[in-house]
Colleague: 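Before anything else, here's the structure in question.
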Amino acid sequence: MKIPAVKGTRDFYPPQMAVRNFIVDGWKAASLRSGFEEYDGPIFEHLKMYQVKSGDEIAEQLFSLTDRGGRNLAIRPEMTPTLARMVNQQIHALPRPIKWFSVPRLCRAERPQKGRLREFFQWNIDIIGAEDVLADAEVIFCAVDYLKSAGLTAKDIVVKISSRKMLASLLEAVGLEDNQLAGVYAVLDKKAKIPDEAFEAMLQETLPDAAIRGKVRKVMSAVRLDDLSQAAALTEQAKAAVDELKRLFDLLEKMGISEYVQFDIGVVRGLAYYTGVVFEIYDRGRSPRALCGGGRYDNLLSDFGGPKVTATGMGMGDCVLEILLREKGLLRDGDLPTRKLDYYLVTADSSLGQKAVELAAAIRLRGRRCDFSYKGGNLGKQLKQADQSGAAKVIILGEEYSRDQMLVIKDMKSGQQAQAGWEAFLTSLSGA
RNA sequence: GUGGGAGUAGCUCAGCUGGUUAGAGCACCAGAUUGUGGAUCUGGGGGUCGGGGGUUCGAGUCCCCUCUUCCACCCCA
């Protein structure tokens, strides 16, 4: 019986695994460059963990199970609840700011489509316990630093930044009630993603009052931060939020990434729990795709039963990123070796097979990567295998060895050959 | 969850309006080639034509169901 792979999952054969490692290694290196520490948690949690933030209906969008003790569990669809749980548990012992990152494997029971699968990897970085926008700036910097290191330029991507705090105070200033905000956010978040008429219809449904609707449209038409700070009717709160954003942009400029970032009042994020700076990183291509999203969520820890501690962070999935890197020619099949052999051993005479095994083991014990042919065969065949293995050098055990105990070491790129005695060769490895 | 396209060898695909034992390129294995790799030539293995049912003398080809995949929606932590 042939059993297929589960819908929306990927098999990572060595070439795909090399791609995955390439991406994950880049994420980790960028995180470490910015001083983040790596953590991880279990791949499943209590189902309730995911219902706290998103309501009971979320259960339909994730993979859940009941264990033999009757506990309702779910495979993690996101990392943030686990992070909140872990940080809450040790909140009084951890030095702040807490700068942590993780690359969890996540599962969501959604319909798979381009750039979206049921199982994927997501880079998460979070800074907990730092209220200042400096923390938001660091999160954005780290994400941009990675994307730059992958070869993407300001022509390829853009970080669009806004602030929930600012938007809330602006909307309240034009007459919206507190309890209307969540609904309006959800609509505004759609603006760039749906046709204008559809957006108008949605807005009209949420805000029946035409006068208020007009004011909301006016607020949302702001292109630059200065448009807002010059507006007359700025409340104290709104002014503070605008100033905070200005400071964020100052910091990003000092960090040297101003060409990557821009203010965009249209970035709202659908999620209810953001409380301050919000941002999304987009591919500048024909159909804008979000590569990454994040923002400040100051209530998260308290939502999970902990103290009120501020937090900001972001998540970046591997699927869309890989598509973009391929489109930009920054990632090509065959570019990434599945193993990086230092040496490949070949024998000119099958009687030297034992010697090859002995030498291979000695090379490996000295920390070098080494492999040899199981099949033997003539030298031409074995050299072909050596070539396909991608090894930098080939060591030939042949006449020279039988006669003079000499190894022939061939550089596969230049084709040049040199000879060395067994012990002398091994000694040269120990030294390096 | 809704709508549309597509599933033929490991991969990319061909297979005309239904008609003998289903093909190509690449990949893989072997030989030419028992002392030097990327090339060439020759040969070989490998397919219940995604699965099930139906129509027919006869189905890769037509019809229905189902699975998978891609695209557009819905959703998006």
Side-chain angles (χ1 to χ4, degrees), chain A residues 1-11 13 15 45 49-55 57-62 74-84 104 106-118 120 122 124 126 186 189-190 193-195 198 268-274 278 280 287 289-290 292-295 297 300 303 313-317 319-320 323 333-334 344 346-352 373 375-403 408-417:
Chain A
M1 187 159 66
K2 214 172 179 178
I3 300 170
V6 175
K7 184 193 187 92
T9 63
R10 290 170 290 181
D11 291 327
Y13 288 86
E45 294 274 2
M49 286 270 276
Y50 305 110
Q51 295 174 322
V52 167
K53 257 170 37 180
S54 317
E57 322 77 56
I58 197 74
E60 289 163 24
Q61 286 173 59
L62 41 77
I75 299 177
R76 62 188 180 191
E78 58 170 326
M79 199 54 181
T80 317
T82 300
L83 172 69
L106 306 177
C107 293
R108 297 178 186 173
E110 293 176 300
R111 180 147 185 163
Q113 55 189 272
K114 187 167 187 163
R116 201 154 118 197
L117 298 168
R118 288 187 165 182
F120 57 96
Q122 190 186 61
N124 280 253
D126 292 277
D189 186 55
K190 295 266 183 299
K193 299 164 189 168
I194 60 175
V268 181
R269 313 257 321 132
L271 235 60
Y273 68 74
Y274 287 107
V278 284
E280 288 175 345
S287 56
R289 283 171 302 198
C292 164
Y297 48 97
L300 190 72
D303 286 347
M314 72 97 204
M316 181 186 300
C319 302
V320 175
I323 292 167
D333 286 319
Y344 195 93
V346 305
T347 51
D349 186 322
S350 58
S351 68
L352 290 164
S373 173
K375 285 182 295 192
N378 66 48
L379 198 56
K381 272 257 148 55
Q382 292 188 58
L383 275 163
K384 188 168 178 172
Q385 288 172 49
D387 179 51
Q388 286 174 339
S389 80
K393 290 178 177 173
V394 167
I395 298 177
I396 302 169
L397 284 158
E399 261 174 25
E400 297 86 343
Y401 185 75
S402 310
R403 201 177 53 227
V408 176
I409 299 159
K410 179 183 175 104
D411 185 297
M412 290 301 271
K413 206 168 250 171
S414 67
Q416 288 190 334
Q417 298 189 175

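Note on naming: letters A, B, ... go to the chains in the order of the sequence lines (proteins, then strands), and numbering restarts at 1 for each one. FYI, side chains are in, hydrogens and waters are out, and symmetry mates aren't considered; it's all heavy atoms of this structure.
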Colleague: Determine the Euclidean distance between corresponding P atoms of rG45(B) and rG23(B); express it in Å to zero decimal places.
Modeller: 13 Å
Colleague: At a cut-off of 3.5 Å, list every protein nitrogen or oxygen paired with a nitrogen or oxygen from nucleotides 6-8 of chain B, distance to 0.1 Å.
Modeller:
none

Colleague: Could you work out, with side chain to side chain contact (heavy atoms under 4.5 Å, CB included) as the rule, every residue matching Asn378(A), not counting sequence neighbours?
Modeller: Lys381(A)
Colleague: Name the pairing partner of rU2(B), where a pair is Watson-Crick or G-U wobble with both distances under 3.5 Å, or state none.
Modeller: rA72(B)
Colleague: Pick the P atom in rC70(B) and in rG43(B), then give their distance to the nearest Å.
Modeller: 39 Å
Colleague: Heavy atoms only, 4.0 Å cut-off, all strands: where does Gln51(A) land among base, sugar-phosphate and nothing?
Modeller: nothing
Colleague: Tell me the interatomic distance from Asn378(A), atom CG, to rU36(B), atom P, rounded to whole angstroms.
Modeller: 9 Å
Colleague: With sequence neighbours excluded, tell me which residues meet side chain to side chain contact (heavy atoms under 4.5 Å, CB included) with Asp387(A).
Modeller: Met412(A)
Colleague: Just to verify, what does Arg116(A) make a salt bridge (Lys or Arg N to Asp or Glu O under 4.0 Å) with, not counting sequence neighbours?
Modeller: Glu110(A)
Colleague: Ignoring hydrogens and angles, tell me if any N or O in the side chain of Gln61(A) forms a donor-acceptor pair with the backbone of Arg108(A) under 3.5 Å.
Modeller: no
Colleague: Between rA14(B) and rG25(B), how far apart are the two C1' atoms, rounded to whole Å?
Modeller: 11 Å
Colleague: Pairing check on rG45(B): which nucleotide meets the Watson-Crick or G-U wobble criteria with it, both distances under 3.5 Å?
Modeller: none
Colleague: Could you please name the partner base of rU36(B), counting Watson-Crick and G-U wobble pairs only when both distances are under 3.5 Å?
Modeller: none
Colleague: For atom C1', what is the distance between rU66(B) and rU12(B), given to the nearest Å?
Modeller: 27 Å
Colleague: In whole Å, measure the gap between the C1' atoms of rG60(B) and rA6(B) for me.
Modeller: 15 Å
Colleague: List for me each residue that meets ring pair (Phe, Tyr, Trp, His ring centres under 6.0 Å) alongside Tyr401(A), sequence neighbours excluded, and say none if there are none.
Modeller: Trp422(A)
Colleague: Side chains of Asp126(A) and Tyr297(A): closer than 4.5 Å at any heavy-atom pair?
Modeller: yes
Colleague: Tell me which nucleotide, if any, is Watson-Crick or G-U wobble paired with rC26(B) when both distances must be under 3.5 Å.
Modeller: rG10(B)
Colleague: Going by side chain to side chain contact (heavy atoms under 4.5 Å, CB included), name the residues that satisfy it together with Gln417(A), two or more places apart in sequence or in a different chain.
Modeller: Ile396(A), Val408(A), Lys410(A)
Colleague: Pick the P atom in rC26(B) and in rU40(B), then give their distance to the nearest Å.
Modeller: 8 Å
Colleague: According to ring pair (Phe, Tyr, Trp, His ring centres under 6.0 Å), who are the partners of Tyr344(A), at least two apart in sequence or on a separate chain?
Modeller: none
Colleague: Could you tell me whether the side chain of Val268(A) reaches within less than 4.5 Å of the side chain of Val278(A), counting heavy atoms only?
Modeller: no
Colleague: Quick one: Ile395(A) CD1 to rU36(B) C1', roughly how many Å, whole number?
Modeller: 15 Å
Colleague: Applying side chain to side chain donor-acceptor pair (under 3.5 Å), name anything that partners Glu45(A), two or more places apart in sequence or on another chain.
Modeller: Thr82(A), Arg85(A)
Colleague: What residues, two or more places apart in sequence or in another chain, satisfy side chain to side chain donor-acceptor pair (under 3.5 Å) together with Ser389(A)?
Modeller: none
Colleague: Indicate, with a heavy-atom threshold strictly under 4.0 Å, whether Ile396(A) touches base, sugar-phosphate, or nothing.
Modeller: base
Colleague: When rounded to the nearest Å, what value does the distance between C1' atoms of rG46(B) and rU56(B) take?
Modeller: 32 Å
Colleague: Excluding sequence neighbours, so at least two apart, what forms side chain to side chain contact (heavy atoms under 4.5 Å, CB included) with Ser414(A)?
Modeller: Asp411(A), Gln416(A)
Colleague: Is the shortest heavy-atom distance from the side chain of Arg118(A) to the side chain of Val6(A) under 4.5 Å?
Modeller: no
Colleague: Would you kindly give the CD-to-P distance between Glu110(A) and rC75(B), to the nearest whole Å?
Modeller: 12 Å
Colleague: Using nucleotides 65-72 of chain B, report all nitrogen or oxygen pairs with the protein that are shorter than 3.5 Å.
Modeller:
from, atom 1, to, atom 2, distance (Å)
rU69(B), OP1, Gly8(A), N, 2.9
rC71(B), OP2, Lys114(A), N, 2.7

Colleague: Using atom C1' of each nucleotide, how far apart are rC16(B) and rA59(B) to the nearest Å?
Modeller: 16 Å
Colleague: Within the 4.0 Å limit for protein heavy atoms, which parts of nucleotides 37-44 of chain B are touched? Write it as a string from 5' to 3', B for base, S for sugar-phosphate only, - for none.
Modeller: BB------
Colleague: Tell which nucleotide pairs with rG19(B), taking only Watson-Crick or G-U wobble pairs whose two distances are both under 3.5 angstrom.
Modeller: rC57(B)
Colleague: Is there a donor and acceptor pair, one atom on the side chain of Gln382(A) and one on the base of rU36(B), closer than 3.5 Å?
Modeller: no
